[in-house]
Engineer: 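For reference, the structure I am asking about is given below.
All ligand and atom numbering here is 1-based and tracks the order in the structure.
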Amino acid sequence: MRLKLFAAIAACLLPAMACAQAPAEPPRSNPPRLLIVISVDQFSADLFDKYRPQFTAGLARLATGTVFHNGYQSHAATETCPGHSTLLTGDRPATTGIVANSWVNQNLSRSDKTIYCAEDESAPGTSSITYKASQLHLRVPTLGEFMKRQWPTSRNVAVSGKDRAAIMMGGHNPDARWYWDGKKFATDLGALPPPAVDRANAAVVAAIATPPPPLVPDPYCATKATPYTLPGGMVVGNGVFARAAGDVNAFRASPQFDGAVLALAGALVQDMRLGSGQAPDLLSISLSATDYIGHGLGPGGQEMCLQLLSLDRSLGDFFRFMDSTGVDYAVILSADHGGLDIPERLQAKGVKDAVRVDKNLTATNVGKTIAAKLGVQGPVLLGDVSGDVYIDEALKGGERARALSEALAIYRAHPQVQAAFSRQQIEATAMPAGDPVKWSLIERARASYDRERSGDIVVMLKPHVMPIAEPHAGFVATHGSPWDYDRRVPILFWRAGEPSSQPEAHMETADIMPTAAAILGLSTDFGRIDGHCRPEVAQCPVSQAVGTERGRR
Ligand code: ZN
């Protein structure tokens, strides 16, 4: 798909953008004046390793910096909200409090007992679907907040295809956060759209209203053009991003979407003059198309190939725009989690244990079995097919204990289940340390456990068991497991003129914040955080280097 997606939209947005112009040599100052932190949603290290030789533009540029291809979202709950909460806080989800995209609180006064990670559930008349967006649940500060403590004029701006990504990266006091609300870029901060957002929305609305540009098959991606028919009859793998004019959801799951978010980021850099103020600024960007394409078509086929090569070009255009501003900027790129391909394609590639989950394993169905056995009413269990499962609060005392015992027995006896831990077991486990590859499953669960928000049971399926029994449009594959295909993500650091290095060492995404702080010359005391500054890429304060102990907050 040889389209300049960033450029196509940016041309309407950035009158001063001159892509053909030679990049201005940025004035060297130390530290950089603008830090750009990019999250590519569902960009596993498996995808990065596989496609790295094909990248020629933005991702190729970042790959000339310091490349940790063994980055880890080290916890078990490998979902978007927990993953983004680790990127700029220096903490794991057990500390950020963002233990899942949503969790259950049976004591809520509203009828919907599910809480969305980025909502304020106290707002009257709301639900976890029709919510009031908020950073309320994020328990710790983000990098942008630490920057403002040291440099009060520092700006903190977040842009994303998803509200929860912008909210978790921007934290509690952003100057601006703009995200796709399903139809346009919007904010929950009460601000009127500045000209940059108005221009972006006008350009995107025009792009959505017209049919997508015809696909020109990429010769490399075409080698992956094998169709797979899924249970239910859907066909994936043929490299088609079907989108009728006006179809906003299909736009979101196409390579054009990331180009639009990057164009908005560029417009905000230009209008707000980010990186040109008295203090360093922070721009967080979360790009969601890779995730929507992974969920809708699986991450292992021709469509993901086309998406990642398109993302590479869009990032290349964005960085060329950044070069043209003359701002001395640094870039960090990582991901909120990885992903698992569809079992139908994995089977064809010889992954013999790849299978779709048994639908009898849903919390509802396991709950029904227990209800019949114990002779009790109600759902017994609340939750999904894996991850956090909650026992119905209506069950008390001995009934509750028996329900827990039965549930653990049913899960543990199922051939698709690797482990089922009770909250008592997880609470008795120390927060892990050291190489995240070596952590046990319960330690991975501990790193995303919160007493108020996590389930009474954490269920982990066996490797390559896809927790979607019946694929449907937009949802054929997913992530969320404690396995490394969902945990391992690239962590890339780049700045013009900096040397290249390729550490094989493991790095947690919680290490990004203290490392970024050192790159920026930020000397604020963070108190206790889970992550460590990484000396491979920054001059770390002695007190923050890997392996040192610091006082508890
Ligand atoms: Zn995600």
Side-chain angles (χ1 to χ4, degrees), residues 37-48 71-89 92-93 96 98-103 116-119 128 133 135 137-138 158-170 177 179-182 249 252-255 257-258 261-262 284-300 303-304 307-308 311 332-342 384 386-388 447-448 466-468 474-491 508-510 512:
V37 181
I38 301 172
S39 166
V40 177
D41 202 310
Q42 205 184 129
F43 191 30
S44 65
D46 290 336
L47 286 177
F48 174 74
Y72 281 85
Q73 290 279 3
S74 55
H75 52 276
T78 48
E79 295 186 335
T80 296
C81 218
H84 278 93
S85 84
T86 71
L87 292 176
L88 287 176
T89 59
R92 301 170 185 153
T96 69
I98 307 300
V99 298
N101 280 347
S102 59
W103 53 86
Y116 176 56
C117 63
E119 74 158 316
S128 60
Q135 70 285 350
H137 295 300
L138 180 62
V159 184
S160 175
K162 295 183 182 177
D163 56 6
R164 58 187 177 274
I167 287 170
M168 294 305 144
M169 293 181 85
R177 65 177 171 226
Y179 44 79
W180 189 248
D181 74 352
N249 286 341
R252 194 176 67 170
S254 77
F257 189 37
D258 288 342
V261 174
L262 285 167
S284 313
I285 305 170
S286 179
L287 302 172
S288 313
T290 304
D291 186 66
Y292 286 118
I293 290 166
H295 283 304
L297 300 157
E303 297 90 351
M304 185 58 79
Q307 157 61 12
L308 292 178
L311 172 66
I332 301 173
L333 183 142
S334 189
D336 55 344
H337 52 75
L340 175 65
D341 196 19
I342 52 171
D384 209 334
S386 57
D388 291 309
S448 45
M466 175 61 70
I468 301 172
F475 201 57
V476 306
T478 194
H479 47 82
S481 83
W483 304 111
D484 284 351
Y485 49 74
D486 283 342
R487 294 168 84 219
R488 195 171 74 94
V489 294
I491 306 176
E508 285 190 59
T509 52
I512 293 174

Engineer: Could I get the full list of ring-ring contact (aromatic ring centres under 6.0 Å, His included) partners for His75, not counting sequence neighbours?
Structural biologist: none
Engineer: Is there a donor in the side chain of Thr78 and an acceptor in the side chain of Gln73, or the other way round, less than 3.5 Å apart?
Structural biologist: no
Engineer: Which protein N, O or S atoms lie under 2.8 Å from the Zn ion (ligand 1), given by chain and residue number?
Structural biologist: Asp41 OD1, Thr80 OG1, Asp336 OD2, His337 NE2
Engineer: Find out whether Asp163 and Tyr116 are in side-chain contact, i.e. whether some heavy atom of one side chain is under 4.5 Å from a heavy atom of the other.
Structural biologist: yes
Engineer: Within this structure, what is the CE-CG distance for the pair Met304 and Leu47, rounded to the nearest 0.5 Å?
Structural biologist: 5.5 Å
Engineer: What is the ring orientation for Phe43 with Phe48, classed by angle as parallel under 30°, tilted 30 to 60°, or perpendicular over 60°?
Structural biologist: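 Plane angle over 60°, so perpendicular.
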Engineer: Look at the aromatic rings of His295 and Phe475 and report parallel, tilted or perpendicular, splitting at 30° and 60°.
Structural biologist: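 Answer is tilted, since the angle falls between 30° and 60°.
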